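Okay, so here's the structure we're looking at.
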Protein chains: 2
Amino acid sequence: MAVSQTNFAWATLLAVRATGSAGAPNRRLHDRLAQALRTAIRDGRLPEGAAVPPSRALAEELGCSRWVVTEAYGQLTAEGYLSARVGSATRVAWSPRTAPPRPTAPRAPAPPPVRYDLAPGLPDLRAFPRRRWAEAVRAVTGSAVHYDLGLPDPAGHPELRGTLAQYLRRSRGADAHPGSVTVCAGVTDGLVRACRALRERGIADVAVEDPGWGRLRTAATSAGLRVHPVPVDGDGLRVGGLARTPARAVIVGAAHQFPTGAVLSPDRRAGLVRWAREVDGFVIEDDYDAEFRYDHHPVAVMQGMDPGRVFLLGSVSKTLSPALGLGWLLAPAALAPGLRAANPVAAAPPVLDQLALAAFIDRGWFDAHLRAARRRFRARRDLLVGTLAGELPQARVSGTAAGLHVLLHLPPGADPRATVRAAAAAGLRLSDLDDYRVAPSPDPALVLGYGNLTDPEIGPAVALLRDALR
Amino acid sequence: MAVSQTNFAWATLLAVRATGSAGAPNRRLHDRLAQALRTAIRDGRLPEGAAVPPSRALAEELGCSRWVVTEAYGQLTAEGYLSARVGSATRVAWSPRTAPPRPTAPRAPAPPPVRYDLAPGLPDLRAFPRRRWAEAVRAVTGSAVHYDLGLPDPAGHPELRGTLAQYLRRSRGADAHPGSVTVCAGVTDGLVRACRALRERGIADVAVEDPGWGRLRTAATSAGLRVHPVPVDGDGLRVGGLARTPARAVIVGAAHQFPTGAVLSPDRRAGLVRWAREVDGFVIEDDYDAEFRYDHHPVAVMQGMDPGRVFLLGSVSKTLSPALGLGWLLAPAALAPGLRAANPVAAAPPVLDQLALAAFIDRGWFDAHLRAARRRFRARRDLLVGTLAGELPQARVSGTAAGLHVLLHLPPGADPRATVRAAAAAGLRLSDLDDYRVAPSPDPALVLGYGNLTDPEIGPAVALLRDALR
């Protein structure tokens with residue numbers, strides 16, 4: 001099989017010129033020629049077995065030196081697209097297969113745009129301290145030693161581990177020292193690591209709160225554990241229900257349960273740690289948004305009550321931004337070696353980000369940000385609760401003591417699913433409590449997040465909610 | 001049981017004062033009192049059942065308002081450390097267990113300090129473009145939209161995916177489009193994702209190169225695959241050896257095998273893709289340091305030859321720094337949905353870092369950095385190879401065409417393990433090729449990395465190596 005040299009050179013030339021003009025002016029001619037030939041072979045325009053023109057002939061047609069052509073041919077030979085045998089023409093050595101058609105995602109009809117987002121889970125993204133964060137990154141990028149730019153410590157940079165240990169002792173009452181802190185990408189990442197360490201220890205069953213955050217169940221399952229839902233009431237997890245499961249570990253939001261907003265009662269806190277001791281088990285405390293407590297000082301973490309039995313998970317996702325991908329895990333000392341063994345390829349977040357967070361905390365910027373955020377969120381919560389009371393007197397609000405969301409209990413017989421649908425059609429995003437439940441419940445309720453919402457949006461958002469409830 | 005009120009107040013006062021002076025001057029007095037009491041209870045100084053002083057009495061002794069004491073007691077009651085019953089004294093409700101002793105790592109004798117590090121795997125950390133990287137972060141931290149600071153796209157930010165697709169097409173000859181790029185934390189993270197997607201597809205066996213990078217084997221194993229070593233020679237992976245394994249997937253360093261430095265020959269490149277088609281399998285191409293090719297233009301990736309069969313893994317760990325934690329994965333379109341399903345909790349790297357890398361590439365800074373690095377590494381490689389030839393004429397060097405390390409073949413009968421030990425004692429870090437081998441081999445060799453070494457260090461380092469070989 002042979003290729004018309006004129007057609008071939010013409011096509012190649014066009015392609016070389018096009019490549020040259022399309023944003024890569026610096027690339028040398030032989031690279032561009034190689035690229036054009038490669039594309040022609042991949043496209044099937046140059047079929048397998050076809051002889052390419054002798055280098056001298058092609059060089060003449062292209063008006064370039066013969067070296068350009070032999071370089072391009074040599075490159076493609078090294079890549080396996082051409083094959084050159086001594087005393088024979090250089091030939092195409094490759095044939096494309098008909099590529100399987102790319103699966104196209106089924107196109108759902110576009111949902112109406114979201115005007116007011118009351119889905120829980122986000123802090124106030126408008127209040128992210130951009131300038132100070134960039135300044136922290138700039139400072140540590142300049143001051144880091146060369147060694148910091150090498151292979152990172154999988155448990156996290158010692159500087160951030162030290163800063164976090166101090167912060168968690170001071171602000172969350174944790175029993176923390178630099179050696180017990182593992183830096184991770186967030187609560188989910190920390191949970192996967194904790195669950196794998198439990199698995200390594202022979203624990204195969206973990207209890208979770210119902211209702212609860214589905215992603216925690218997914219993370220535990222992906223780490224190889226079986227999950228057992230245990231009900232939650234107004235005082236948090238019903239600790240007594242643990243005995244009815246085979247679980248020797250439990251994931252619990254003690255300071256502010258998601259999504260009910262319940263604070264675990266003092267009796268149950270004590271009972272939970274007693275349970276862990278009795279079954280020789282562990283508690284994984286998800287301290288995801290405890291920095292925001294409005295009616296009282298933040299409750300210290302349970303982890304401090306028994307650091308040998310309680311893991312602590314936290315992150316900056318609810319205080320700064322989930323886009324930063326920075327969190328921490330405090331693990332019982334006995335499980336620290338297993339943590340690493342169970343995750344041989346787990347990596348810490350990028351080192352410069354770790355150092356930036358350490359600088360951000362050490363300079364007092366994190367505390368300043370939290371103080372301002374707490375004030376802002378308290379005022380916004382009061383506005384939301386007040387507006388709900390005025391517009392929807394028949395619905396009760398709970399879970400308001402802390403965090404960035406409240407629970408709105410609907411009158412019996414209300415249909416939260418239909419409400420969410422009707423609200424979405426009007427541009428209001430809501431969450432049905434049922435979406436977080438494992439066991440069905442007759443009590444209809446909505447989860448309303450107010451983190452990522454401006455104060456002036458609350459009035460119109462609640463008005464849309466009232467209309468959707470009709 | 002009762003506690004001497006005077007002793008108690010004295011101890012508490014001291015603790016409160018100490019807390020107040022130790023870096024937390026802003027904390028309010030009731031917080032500091034609560035902290036002091038909490039610590040006393042945890043330490044066992046206030047045993048379970050002990051009555052704490054009436055709030056009025058303690059306030060008098062401390063010289064503070066009674067409100068301070070009741071706030072502190074209330075806080076500790078909410079946390080379960082105290083219990084208050086109407087008409088009875090407030091008592092300690094908590095007892096510490098004797099904490100299990102913290103496992104202390106066995107202390108190995110400290111190794112002598114490393115003066116010259118020839119271990120492979122690091123780029124030139126001194127040349128990290130600190131100013132431009134910080135500028136890229138600053139720019140995107142200012143310009144990102146609020147939405148970018150919310151929950152990240154698990155597959156990576158669309159902007160970086162677009163930039164990487166363009167870069168990989170232009171610079172590596174890949175078949176890439178934004179939809180086929182997944183941003184990940186590096187080659188190991190990308191490999192775990194690829195292996196899990198294979199597992200999801202029913203592939204349980206993967207072939208790996210021998211010798212090869214142990215971390216790749218660990219990653220594949222941790223993703224649930226069985227690994228099967230296949231030998232490597234001077235032309236790269238012995239593709240014919242695949243048929244003797246049950247593997248339907250293979251991890252291969254085509255452009256520059258680690259650690260031998262071999263470039264996969266054109267015939268084998270073609271043979272490898274044919275094999276994948278025949279067994280209905282997949283190739284995972286580890287393109288870890290292919291940007292540095294000195295004697296020729298970089299060979300285009302195999303992925304472009306059959307994007308439906310070849311995964312491509314890459315990262316900035318060898319070009320910028322492993323501390324950045326940024327990499328990419330190109331996956332066959334048919335496996336793209338499985339990629340997500342197999343990794344339900346996998347997260348992309350921090351969004352601002354992703355946007356910064358996109359800006360760094362788009363501004364031309366990455367190409368400029370690569371050009372300068374390529375010049376620097378080529379000169380350093382020439383210096384190293386020349387120095388080795390002068391000092392160790394009996395040892396042959398190979399794998400010099402690309403990358404950041406070479407292979408030094410020792411004369412038959414040499415003892416590389418003893419050489420590494422002797423070198424370490426003199427402050428020279430080396431790697432024995434045997435450390436990367438699964439099957440034993442009679443050919444002794446050392447792997448010499450020259451990425452993170454200054455030119456003037458090469459002479460003294462090779463002199464130490466010569467001495468260690470004696």
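What you see below is based on every heavy atom in this structure, not just the backbone, and it leaves out hydrogens, waters and symmetry mates. Model, not experiment: these values are computed from the prediction. Residue numbers begin at 1 in each chain, while the letters A, B, ... track the order of the sequences.
Of the two parts of Ser222(A), the backbone and the side chain both hold a non-hydrogen atom closer than 4.5 Å to a non-hydrogen atom of chain B. When heavy atoms are compared at a cutoff of 4.5 Å, Val263(A) does not approach chain B at all. Interface remark: Ala185(A) contributes no atoms to any contact with chain B (heavy atom separation under 4.5 Å). With a 4.5 angstrom heavy-atom cutoff, Ala255(A) does not touch chain B via any of its atoms. The parts of Arg138(A) that come within reach of chain B are both its backbone and its side chain, each placing non-hydrogen atoms under 4.5 angstrom from that chain. For His157(A), no part lies under 4.5 angstrom from a heavy atom of chain B. Heavy atoms of Ala347(B) lying under 4.5 Å from chain A are absent altogether. Heavy atoms of Arg274(A) lying under 4.5 Å from chain B are absent altogether.
The CG atom of Leu324(B) sits 6.0 Å away from the CG atom of Leu352(A) when rounded to the nearest 0.5 Å. Atoms CG and CH2, on Leu149(B) and Trp133(A) in that order, are 11.5 Å from each other to the nearest 0.5 Å. The CG atom of Asp267(B) sits 8.0 Å away from the OG atom of Ser83(A) when rounded to the nearest 0.5 Å. A distance of 11.5 Å separates CG of Asp148(B) from CZ of Phe128(A), quoted to the nearest 0.5 Å. For the atom pair Asp306(B) CG and Arg42(A) CZ, the distance stands at 10.5 Å (nearest 0.5 Å). Taking OG of Ser143(B) as the reference point, atom CZ of Arg130(A) lies at 8.0 Å (rounded to 0.5 Å).
In terms of heavy-atom pairs under 4.5 angstrom with chain A, the leader among Gln354(B), Met302(B), Arg268(B), Arg269(B) is Arg269(B). When each of Ala144(B), Gly121(B), Pro332(B), Ser317(B) is checked for heavy-atom pairs under 4.5 Å with chain A, Ala144(B) comes out on top. Among Gly325(A), Pro322(A), Ala134(A), Gly80(A), the residue making the largest number of heavy-atom pairs under 4.5 Å with chain B is Pro322(A). Note on Pro123(A), Gly304(A), Pro349(A): by heavy-atom pairs under 4.5 Å with chain B, the leading option is Gly304(A). Put simply, of Pro344(A), Ala300(A), Ala342(A), the one with the most heavy-atom pairs under 4.5 Å next to chain B is Ala300(A).
Under the salt bridge (Lys or Arg N to Asp or Glu O under 4.0 Å) criterion, Asp124(A) pairs with Arg126(A), Arg380(A), not counting sequence neighbours. Looking at residues two or more places apart in sequence or on another chain, you find a salt bridge (Lys or Arg N to Asp or Glu O under 4.0 Å) between Asp367(A) and Arg170(A).
Two residues are said to be in side-chain contact when any heavy atoms from C-beta on lie closer than 4.5 Å; Val137(B) and Thr141(A) fail this criterion. Within the 4.5 Å cutoff, the side chain of Met305(B) has heavy atoms near those of the Tyr81(A) side chain.
Closest approach of Gln75(A) to Val299(B), counting heavy atoms only: NE2-CA, 3.6 Å. The two atoms that bring Ala78(B) and Pro266(A) nearest to each other are O-CG, 3.5 Å, heavy atoms only.
In Arg215(A), the CZ atom is crowded: over 12 heavy atoms of neighbouring residues, nucleotides or ligands sit closer than 6.0 Å.
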